[in-house]
K.L.:
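Would you mind keeping the following structure in view while I ask a few things?
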There are 2 protein chains.
Amino acid sequence: MFRALADATRRDIVRRTLIAEATVSELADSYDMSFAAVQKHVAVLEEAGLVTKRPRGRERMVSGNPEAIRRAQTLLDQFEQIWRARIDRLDALLDSEENE
Amino acid sequence: MFRALADATRRDIVRRTLIAEATVSELADSYDMSFAAVQKHVAVLEEAGLVTKRPRGRERMVSGNPEAIRRAQTLLDQFEQIWRARIDRLDALLDSEENE
DNA sequence: GCCTAGTACAACCATTTGGTTGTACGTTAT
DNA sequence: ATAACGTACAACCAAATGGTTGTACTAGGC
């Protein structure tokens with residue numbers, strides 16, 4: 001999941017497909033690499049659940065999945081919580097020292 | 001940055017060092033891999049700014065950097081915004097169709 | 001002063017990653 | 001019907017990744 005977001009091209013694909021659906025070849029036209037390369041990126045994103053693909057005729061419509069984004073946010077939020085807890089403990093420690 | 005978070009061991013190091021500072025060897029003891037491997041993970045995290053290292057005697061204290069976490073959150077928030085904008089546009093479209 | 005603990009760093013290795021080209025196959029358009 | 005389009009997928013390649021061991025250097029403990 002974070003691995004999928006680790007590549008700039010893939011992040012851009014996620015961004016684009018969150019804005020609006022796009023076919024694989026539409027996406028491929030945007031980047032300076034082969035169709036197959038973009039196809040692979042989409043496959044990685046799909047496996048990570050960041051994107052879904054649905055057939056429309058001979059095309060595949062790719063669309064970004066906000067659910068997955070939120071899951072990533074949740075993990076980072078947990079880190080934030082952990083950090084806050086640490087600060088709280090330090091504050092408590094300082095308070096108790098003040099009263100000595 | 002996302003690349004640094006893509007590895008489970010590294011995420012755990014970030015988590016631990018957000019809770020409390022730890023020396024490199026303290027961290028190394030926790031994982032089933034060589035000291036050097038953990039050292040490399042810390043180096044990757046440090047380069048990504050997710051962690052800072054400061055010397056204390058012969059030890060290096062590693063601590064998680066909440067700033068970097070927030071930067072990652074910001075990026076995901078932008079994705080969320082993009083998604084909301086899309087929804088808004090679709091809603092507007094549906095509204096206009098209703099009035100035909 | 002000397003051994004040990006903690007770290008840094010290089011060299012090496014297997015696997016994964018991000019890219020390529022080529023081939024095959026279903027769908028659409030003419 | 002057939003040509004062209006959009007996609008899937010395999011084979012291949014170079015570079016990056018995640019790990020190892022070995023060596024060297026510095027700070028502390030005895």
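For clarity, every value in this text was computed on a predicted model and none was experimentally measured. Every chain is numbered from 1, with letters handed out A, B, ... down the list of sequences.
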K.L.:
Measuring from Ile19(B):CD1 to Trp83(A):CH2, what's the distance to the nearest 0.5 Å?
P.N.:
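One gets 12.0 Å once the value is rounded to the nearest 0.5 Å.
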K.L.:
Should Arg15(A) and Asp12(A) count as side-chain neighbours, where that means a heavy-atom distance under 4.5 Å?
P.N.:
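Side-chain contact under 4.5 Å: yes.
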K.L.:
Side chains of Arg3(A) and Arg10(A), heavy atoms from C-beta outward: is any pair under 4.5 Å?
P.N.:
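Yes, side chains in contact.
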K.L.:
Taking the side chain of Glu59(A) as its heavy atoms from C-beta onward, which of dA8(C), dG6(D), dG18(C) lies nearest to it?
P.N.:
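The listed nucleotide nearest to Glu59(A)'s side chain is dG6(D).
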K.L.:
If you assign Ala6(B) and Lys53(A) each to the DNA chain D nucleotide with the nearest heavy atom, which residue ends up on the more 5' nucleotide?
P.N.:
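It is Lys53(A) whose nearest nucleotide is closer to the 5' end.
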K.L.:
Output the distance between atom CD1 (Ile82(B)) and atom CD1 (Ile87(B)), rounded to the nearest 0.5 Å.
P.N.:
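Between Ile82(B) CD1 and Ile87(B) CD1, I get 13.0 Å after rounding to 0.5 Å.
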K.L.:
When you look at Thr17(A) and Ser63(A), which way does the side-chain hydrogen bond (donor to acceptor under 3.5 Å, both in side chains) test go after all the steps?
P.N.:
CA-CA 5 Å; Thr17(A) 57; Ser63(A) 50; over 6 Å; no
K.L.:
Scan residues 26-38 of chain A against DNA chain D and write down, sorted by residue number, each residue with any heavy atom closer than 4.0 Å; if none is found, say none.
P.N.:
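Only Phe35(A), Ala36(A) qualify.
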K.L.:
Is any NZ, NE, NH1 or NH2 atom of the basic residue among Glu80(B) and Arg84(B) found under 4.0 Å from an Asp or Glu carboxylate oxygen of the other?
P.N.:
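Salt bridge: yes.
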K.L.:
Check whether any side-chain N or O of Arg60(B) sits under 4.0 Å from OP1 or OP2 of dA8(C), and answer yes or no.
P.N.:
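Yes, such a contact exists.
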K.L.:
Give me, pair by pair, the N or O atoms of the protein and of nucleotides 13-17 of chain D that are less than 3.5 Å apart, along with how far apart they are.
P.N.:
from    : atom 1 : to      : atom 2 : distance (Å)
dT17(D) : OP1    : Arg3(B) : NE     : 2.8

K.L.:
For a quick test of reading the model, state the closest non-hydrogen atom pair linking Val42(B) to Lys53(B) and the distance between them.
P.N.:
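Distance-wise, the nearest heavy atoms are CG1-CD, 4.0 Å.
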K.L.:
Report the distance from atom CG of Asp7(B) to atom P of dT17(C), rounded to the nearest whole Å.
P.N.:
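Spelled out: CG on Asp7(B) to P on dT17(C) is 11 Å.
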K.L.:
What's the NZ-C1' distance between Lys40(B) and dG22(D), to the nearest Å?
P.N.:
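Atom-to-atom, Lys40(B) to dG22(D), this comes out as 13 Å.
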K.L.:
The side chain of Gln39(B) is closest to which nucleotide in this list: dT20(D), dG19(C), dC9(C)?
P.N.:
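Nucleotide nearest to Gln39(B)'s side chain: dC9(C).
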K.L.:
Write down the protein N/O and nucleotide N/O pairs, taken from nucleotides 1-5 of chain D, whose separation is under 3.5 Å; answer none if there are no such pairs.
P.N.:
from   : atom 1 : to       : atom 2 : distance (Å)
dC5(D) : O4'    : Arg58(A) : NH1    : 3.4
dC5(D) : O2     : Arg58(A) : NH1    : 3.1

K.L.:
Applying side-chain hydrogen bond (donor to acceptor under 3.5 Å, both in side chains) to Arg60(B) and Thr23(B), what does each step give before you reach the verdict?
P.N.:
CA-CA 5 Å; Arg60(B) 302 299 136 113; Thr23(B) 68; over 6 Å; no
K.L.:
Taking only the side-chain nitrogens and oxygens of His41(B), find out if one of them lies under 4.0 Å from OP1 or OP2 of dG19(D).
P.N.:
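Answer yes for this pair, as a side-chain N or O of His41(B) is under 4.0 Å from OP1 or OP2.
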K.L.:
Between atom CZ in Arg56(B) and atom P in dA5(C), what is the gap in whole Å?
P.N.:
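After rounding, the reported distance stands at 18 Å.
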K.L.:
For Thr23(B), report the nucleic acid contact type (base, sugar-phosphate, nothing); a contact means any heavy atom under 4.0 Å.
P.N.:
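Sugar-phosphate, backbone atoms only, no base.
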K.L.:
Might you point out which heavy atoms bring Met1(A) and Ala72(A) nearest each other, and give the distance in Å?
P.N.:
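Met1(A) and Ala72(A) have their closest heavy atoms at CE-CB, 3.5 Å.
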K.L.:
Is atom CD of Gln81(A) surrounded by more than 12 heavy atoms (other residues, nucleotides or ligands) closer than 6.0 Å?
P.N.:
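Yes - once you tally the heavy atoms of other residues, nucleotides and ligands closer than 6.0 Å, there are more than 12.
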K.L.:
Between Thr9(B) and Met33(B), is there a side-chain heavy-atom distance shorter than 4.5 Å?
P.N.:
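Yes, at least one pair of side-chain atoms sits under 4.5 Å.
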